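What you are looking at is a predicted structure, and each value in this text was computed from that prediction instead of being measured.
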Amino acid sequence: RGGGCFTVWGSSIGWMVFFAAITYQVRSRGVELLQELVEVSLDVKRQFSVALASFHHADMLTDDLSGTRVLLLTSQCWDTALRGKVRERLEEDLAEGAVVIDYGKDLDA
């Protein structure tokens with residue numbers, strides 16, 4: 001609420017996005033590298049008319065973070081090099097005051 005967006009990097013088939021959109025009634029977006037998983041998410045979105053959820057086939061390292069107030073990282077399967085790139089990206093591009101939730105502890109400040 002308040003104009004921000006909940007974003008999931010590595011959204012898989014969208015369950016975290018759907019949870020936030022339905023439970024908290026916030027605009028929620030999923031970013032997933034695998035097109036097949038994005039297609040499943042979009043099918044579910046259409047089937048259940050979840051207007052506040054959106055899904056994007058994109059690379060998180062080039063994803064537009066503008067408007068993201070809460071970012072969930074599904075980093076449990078990311079290697080060390082990718083985690084480093086993500087950390088650099090967040091330090092450069094994430095809005096001040098945004099919250100990052102990570103499955104791991106490797107991005108601790």
Exercise for review: Give the minimum heavy-atom separation between A20 and S28, together with the two atoms involved.
Suggested key: CB-OG, 3.4 Å

Point to revise | Sub-4.5 Å side-chain heavy-atom contact between Y24 and F19 | key: yes

Practice item. For residues L52 and Q25, determine if any side-chain heavy atom of one lies less than 4.5 Å from a side-chain heavy atom of the other. Key: yes

Practice item. Verify, without hydrogens or angle tests, whether H57 (side chain) and L33 (backbone) share a donor-acceptor contact under 3.5 angstrom. Key: yes

**Study point:** F6 vs L71, side-chain contact (heavy atoms from CB on, under 4.5 Å): CA-CA, chis, key distance, verdict
**Key:** CA-CA 6 Å; F6 172 73; L71 176 63; over 6 Å; no

Point to revise | Residue pair L61, V86: steps toward the side-chain contact (heavy atoms from CB on, under 4.5 Å) verdict | key: CA-CA 7 Å; L61 296 178; V86 166; 4.0 Å; yes

Exercise for review: If the plane angle is over 60° it's perpendicular, under 30° parallel, otherwise tilted; pick one for F18 and F55.
Suggested key: tilted

Review point. So, S49 side chain and K45 main chain: donor-acceptor pair closer than 3.5 Å or not?
Key: no

Practice item. Please check if the side chain of T74 supplies one atom and the backbone of W9 the other of a donor-acceptor pair under 3.5 Å. Key: yes

Check your understanding: Is there side-chain contact between I13 and W15, with at least one heavy-atom pair below 4.5 Å?
Key -> yes

**Study point:** Test item: L73 and V8 side chains (from C-beta on) under 4.5 Å apart, heavy atoms
**Key:** no

Revision key, fill the gap. Rounded to the nearest 0.5 angstrom, the CD-CG distance for Q76 and D102 is 9.0 Å

Practice item. Identify the two heavy atoms, one from E32 and one from L34, that lie closest to each other, and give their separation to 0.1 Å. Key: OE2-N, 3.1 Å

Revision key, fill the gap. CZ (R29) and OG1 (T7) are apart, to the nearest 0.5 Å, by 4.5 Å

Practice item. Mark yes or no for whether R69, through its side chain, and G97, through its backbone, hold a donor-acceptor pair below 3.5 Å. Key: no

**Study point:** OG-CZ distance between S75 and R83, expressed to the nearest 0.5 angstrom
**Key:** 5.5 Å

Revision key, fill the gap. Which of D43, V50, V44 passes side chain to side chain contact (heavy atoms under 4.5 Å, CB included) with R46? Answer is D43

Study note, to complete from the structure: Here the pair of heavy atoms bringing A98 nearest to T68 is CB-O, 3.8 Å

Review point. At what distance, to the nearest 0.5 angstrom, does NZ of K85 lie from CG of D59?
Key: 9.0 Å

Practice item. Please check if the side chain of R89 supplies one atom and the backbone of M60 the other of a donor-acceptor pair under 3.5 Å. Key: yes

